[in-house]
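Heads up: the structure comes next, in structure tokens.
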There are 2 protein chains.
Amino acid sequence: MPIHDPSWSAYAHAVLEDAGHRRGGARDEVIDLLAAQPCAVSAHDIEGALRQRGRPIGRASIYRALDTLAEHGLVKRLDLGRSEACYEPARSDGHHHHHVVCEMCGTLTAFDDPDLEDAIDRLGDRLGMRIDDHDVLLRGVCRNCGGPGPR
Amino acid sequence: MPIHDPSWSAYAHAVLEDAGHRRGGARDEVIDLLAAQPCAVSAHDIEGALRQRGRPIGRASIYRALDTLAEHGLVKRLDLGRSEACYEPARSDGHHHHHVVCEMCGTLTAFDDPDLEDAIDRLGDRLGMRIDDHDVLLRGVCRNCGGPGPR
DNA sequence: GCAAGACTAAGACTCAGTCTCATTACGCCC
DNA sequence: GGGCGTAATGAGACTGAGTCTTAGTCTTGC
């Protein structure tokens, strides 16, 4: 999981420009912040982080930026069963992952698993549907909170 | 998918009684309504349906009833990416299923898949976590809306 | 530099879900 | 059956995430 992904932010800017979007300070800040996230963040996290950076951005602008990004497949919206949605950059190589939430401490961990992806791919045929997208969310207990050890 | 599942409602009543809960009209109505649902319904659906039945129930009571049921593992709460959560009875035999949402018409379809369950079971070991629960949500296009045919 | 219109900020608004508290009624004891 | 303790209920105020509106600002093409 990259801590900062300048390639994603450059890619995002390029896609938006191609789509005829002008640049705007608020959206650029959101893209910048997202590129620096190790995992998913909520709109309110973004609002708070930008305020801390001394660049307070209107809430509507944040949601608008996230909408625009999601529209172009640049961010992925996640419902983690909390009251608020979380957002994370979607890499341009199509690679994607899923999440485990620790029910004790709330930690969010990303993982990927080819078997799982295969099983889901096969499902489209079985169900007679075109499957465009899927979410998988696991809930459990992490090592720190008493999950199985030793490592 | 049973249209009405009297065994679930009886089971739910029994579990709640064992847990020391008294019976109450509001919760009984919610249990009754849930038992009759083919798939997940939202709290507002429940509120509306009970009002239509001429048995209007306070919103707080509905959420309280759903909370109590979820606490005892009798209903499952689903986030379908809509603004509101949905709830469905959890069968006592531990059998569970997942959902596909059609992005065109919004239809919710249930399915189960042993391969998928196996893949998820194996993940706990791989991740070194105890996995207690999981949600899978597929998004796609159903047959009626132009998904793959022929039937 | 200018104009068009895309972008932004502030905050009012909506709506799902929670909380409070007065009232009702279940279930046990006598 | 009547009384009592307490869980369950209902009404509606409240909270907080997300949306909408509107006036103003900034980009960009000319």
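The sequence lines fix the lettering, A, B, ..., with proteins before strands; numbering per chain opens at 1. What you are looking at is a predicted structure, and each value in this text was computed from that prediction instead of being measured.
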Axis bend over the full length of the helix from dG1(C)-dC30(D) to dC30(C)-dG1(D), computed from five pairs that close each end, to 10 degrees: 30°
When the distance from [atom1] of [X] to [atom2] of [N] is rounded to whole Å, what number comes out?
X	N	atom1	atom2	value
Glu47(B)	dT18(C)	CD	P	13 Å
Glu17(A)	dA6(C)	CD	C1'	14 Å
Leu80(A)	dA17(D)	CG	P	14 Å
Leu50(A)	dT8(C)	CG	P	12 Å
Glu29(A)	dT8(C)	CD	P	10 Å
Ile46(A)	dA17(D)	CD1	P	13 Å
Ile57(A)	dC26(D)	CD1	C1'	13 Å
Ile62(B)	dA8(D)	CD1	C1'	14 Å

Any side-chain N or O of Arg55(A) under 4.0 Å from OP1/OP2 of dA9(C)? yes
Can you list every ring pair (Phe, Tyr, Trp, His ring centres under 6.0 Å) pair that touches residues 21-44 of chain B, not counting sequence neighbours? His21(B)-His72(B)
Give each protein N/O atom lying under 3.5 Å from an N/O atom of nucleotides 18-20 of chain D, with the pair distance.
| unit_1 | atom_1 | unit_2 | atom_2 | d |
| --- | --- | --- | --- | --- |
| dG18(D) | OP1 | Ala85(A) | N | 2.8 |
| dG18(D) | OP2 | Tyr63(A) | OH | 2.7 |
| dG18(D) | O5' | Tyr63(A) | OH | 3.3 |
| dG18(D) | N7 | Arg59(A) | NH1 | 3.1 |
| dG18(D) | O6 | Arg59(A) | NH1 | 3.2 |

Just checking His134(A) against His98(B), ring centres under 6.0 Å apart? no
Applying side-chain contact (heavy atoms from CB on, under 4.5 Å), name anything that partners [X], two or more places apart in sequence or on another chain.
X	value
Ala60(A)	Arg64(A)
Ala85(A)	Arg77(A), Asp79(A), Tyr87(A)
Ala40(B)	Leu78(B), Cys86(B), Glu88(B), Leu108(B)
Asp133(B)	Arg139(A), Lys76(B)

Go through the structure and list residues passing salt bridge (charged side-chain N to carboxylate O under 4.0 Å, His left out) with Asp121(B), not counting sequence neighbours. none
Taken in chain and number order and not counting sequence neighbours, the residues that satisfy salt bridge (charged side-chain N to carboxylate O under 4.0 Å, His left out) with Arg122(B) are Asp115(A)
Could you tell me which residues satisfy ring-ring contact (aromatic ring centres under 6.0 Å, His included) with His13(A), sequence neighbours excluded, listed by chain and number? none
Under-3.5 Å N/O pairs linking protein and nucleotides 22-30 of chain C:
| unit_1 | atom_1 | unit_2 | atom_2 | d |
| --- | --- | --- | --- | --- |
| dC26(C) | O2 | Arg22(B) | NH1 | 2.8 |
| dG27(C) | OP1 | Arg23(B) | N | 3.3 |

Test: side-chain hydrogen bond (donor to acceptor under 3.5 Å, both in side chains). Region: residues 48-58 of chain B. Which pairs qualify, not counting sequence neighbours? none
Kindly check if the number of other-residue, nucleotide or ligand heavy atoms within 6.0 Å of CD (Glu17(A)) is above 12? no
